[in-house]
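Okay, structure first, notes after.
Just follow the structure's listing: the first ligand is 1, and inside any ligand the first atom is 1. FYI, the numbering just counts along the sequence from 1. Owing to the predicted nature of the structure, the values given are computational and were not obtained by experimental measurement. The basis for the numbers below is simple: all heavy atoms, side chains too, and nothing from hydrogens, waters or symmetry mates.
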Amino acid sequence: MRMLIDGEWVDSSDGAADAIRDKATGELIDTAPRGTAADAARAVAAAQHGWSAMAAMPSHRRAAAIQNAADAIERDREELGRLLARENGKTLRETRSELDAAVRIFRGYAEEAKRVFGRTTPLDSVPGQEDSVALTLRQPRGVIAAIVPFNYPAELWAHKVAAGLAAGNAVITKPPEECPLTIGRIAALLEQAGLPRAAHQMVTGTGEEVGATLVRAAGVHMVSMTGSTEAGRQILRDAAPSLKKVHLELGGNDASIVCEDAELDKVADALVRGRFTSGNGQICCAVKRVLVDRRIFEPLLAALVEKTRPLKLGHPLAPDTDVGPLISEQAAQKVEAQVAQAVAQGATVVTGGRRRGAFFEPTVLTDLPADSAALQEEIFGPVLPLLPFDGFDEALRIANLSPYGLQAAIFTRDLSRVMQAFRTLQVGTVVVNHSTAIRLENLPFGGTKLSGNAREGLHETLLDMTEEKTLLMSGVLAQ
Ligand code: NAD
């Protein structure tokens, strides 16, 4: 693949490139340029023209271009889904549904592009301003850097790029190093959709070089990044001198609370899907801790183990694969080390626990001490720790102990518990009777504490990517 800078498909300025491999077999799929700071700076310079052209484009034309891109993604869904499965390791079932989400997000922003409303304010509440009125207009921020993680690259990027363009900005995309190819293919579809030159550009390469250059650049007016908390902190530090807006969607350690009145078989299905068979366990809002009423701990554990043991590890394109490889062997080694540490602290591996290359078996852990690192840190792989609780207040207290606060789930039929959880849990979303591994594009998604500083969703993000400007008209209503 090549990068897209100022309307041209180019290699890195120093010719460096990285191999992008099939994550299950190691087979070479393609190479991606390892962009340099100079490449990123060139994109920032070109984006200033892209921004002016976008801001001058009426919203009905911006909407039409985004709609065209959505139609093209939908047309190429199968081919894109196969490419994403190979470069990322998720099953084809999963990557198809990710592309469907990307299509919906592009379509959603095509509609939202036409609804960027300001407001009119009569000023007669202020003595002396009885004949004055003000109006506000939402204008594009300018140039947006869209920095994307590996786990759901097409979907998470769609939120940033479609929103940025819908609001009339220029967007520079920094795809994930591990799997940039699908974004590259969609970027080519976007190029044919009817946007001005340099409205969208894409610079591949590392976060430390390309990403950091974009974050620090005076010509970038907003950074929207999804990724790890550690990278998010660095981005905030790098962006501080320019005071640009920084939107961060970061890690999670989501708790699912299972009450004694829940339907155990359905809960077990939801937890297996939410931890093992979605994203191979690599989801920010995956089920990372399960808190279970002690009275149903043993039957739920038995149901979970029964549904986990038959899960099949395999190539993401094989129709009978339930769980594919993690993004790299190092990622699987990290999960292996986190499980070993939990075991050293007293945890029991009820099923799974072994690594083979980049594959990690779906693993159920019990007997974790309350201060175990596995309950505090994010484990980015198919590992499900189960803890008993005595009393609902204790469950809520344990759920809030995490330094993260993305989503939480509660399985119960008791509405008063639902409302207590909704009031008490320090998270962005409380999900009822479904695992935490759910994100719908028309809801505000995002977390508290170390999970981020913003909400992303069709309506919220469009507003975030505009700046409200006020026209104060003094005395204009006087007769
Ligand atoms: P990562 O932080 O390693 O990388 C994410 C992106 O940031 C990459 O494109 C990377 O190159 C870039 N980056 C890294 N350091 C940078 C820097 N200093 N300056 C600029 N850019 C930089 O994350 P990852 O391993 O790709 O993704 C996994 C993490 O993402 C997990 O922690 C997961 O929970 C989180 N995540 C969060 C959400 C959410 O919506 N909250 C969604 C998906 C993933």
Side-chain angles (χ1 to χ4, degrees), residues 18 32 34-35 37 40 87-90 98 101 105 145-160 172-180 183 202-217 220 223-240 244 246-254 278-288 326-328 330-331 334-335 338 377-381 402-407 427-429 436-441 443-457 460-461:
D18 290 305
R34 194 184 310 147
E87 69 165 337
N88 172 282
K90 278 186 303 195
E98 176 174 347
I105 293 164
I147 302 181
V148 186
F150 76 81
N151 61 340
Y152 281 75
E155 178 178 347
L156 298 174
W157 172 60
H159 272 288
K160 303 179 189 310
I172 305 175
T173 298
K174 211 303 274 169
E177 293 91 312
E178 303 89 340
C179 48
I183 287 183
M202 177 187 63
V203 188
T204 49
T206 65
E208 290 70 21
E209 181 154 1
V210 172
T213 304
L214 295 175
V215 171
R216 292 186 189 131
V220 169
V223 175
S224 175
M225 180 267 197
T226 300
S228 62
T229 298
E230 196 188 332
R233 283 197 183 105
Q234 184 57 42
I235 287 172
L236 273 181
R237 281 192 287 267
D238 285 345
K244 67 188 53 152
V246 178
H247 177 120
L248 297 172
E249 300 283 344
L250 307 174
N253 191 3
D254 291 359
S278 304
N280 304 331
Q282 302 164 115
I283 307 189
C284 52
C285 55
V287 180
K288 300 207 175 110
L326 301 196
I327 193 67
S328 64
Q330 292 95 299
K334 183 171 178 197
V335 173
Q338 287 172 304
E377 293 170 4
E378 179 178 51
I379 298 186
F380 220 52
S402 169
Y404 295 95
L406 192 50
Q407 308 213 94
V427 293
T429 301
T436 50
I438 183 168
R439 175 175 184 178
L440 305 177
E441 63 276 4
L443 293 177
F445 180 85
T448 62
K449 302 194 270 187
L450 296 186
S451 293
N453 64 359
R455 297 291 178 268
E456 197 169 51
E460 291 70 20
T461 308

Just let me know how Glu178 lines up against ligand 1, side chain, backbone, both or neither, with a heavy-atom cut-off below 4.0 Å.
neither
Quick one: does Ser451 get an N or O within less than 3.5 Å of an N or O on ligand 1?
no
Could you identify the single nearest non-hydrogen protein atom to atom 7 (O) of ligand 1 and state the distance to 0.1 Å?
Ile147 CG2, 3.3 Å
Heavy-atom nearest neighbour in the protein, as seen from atom 22 (C) of ligand 1, with distance rounded to 0.1 Å
Gly207 CA, 3.4 Å
Under-4.0 Å heavy-atom contact with ligand 1, by part of Tyr152 that carries it:
neither
The answer for which part of Met225 has a heavy atom under 4.0 Å from ligand 1 is side chain
Going by the rule side chain to side chain contact (heavy atoms under 4.5 Å, CB included), which residues pair with Thr461 if we only count those two or more places apart in sequence or in a different chain?
Tyr109, Ala163, Glu456, Met465
Nearest candidate to atom 30 (O) of ligand 1, where distance is taken over non-hydrogen atoms, out of Gly227, Ala239, Pro149
Gly227
Protein heavy atoms: any of them under 4.0 Å from atom 4 (O) of ligand 1?
no
Is it the side chain (CB and beyond), the backbone, both or neither of Thr226 that lies under 4.0 Å from ligand 1, heavy atoms counted?
both
Return the closest protein heavy atom for atom 15 (N) of ligand 1 as residue, atom name and distance.
Ala231 CB, 3.5 Å
Quick one: look at Glu456 and ligand 1, take heavy-atom pairs under 4.0 Å, and tell me if it's side chain, backbone, both or neither.
neither
Thr226 and Lys160: side chain donor to acceptor below 3.5 Å:
yes
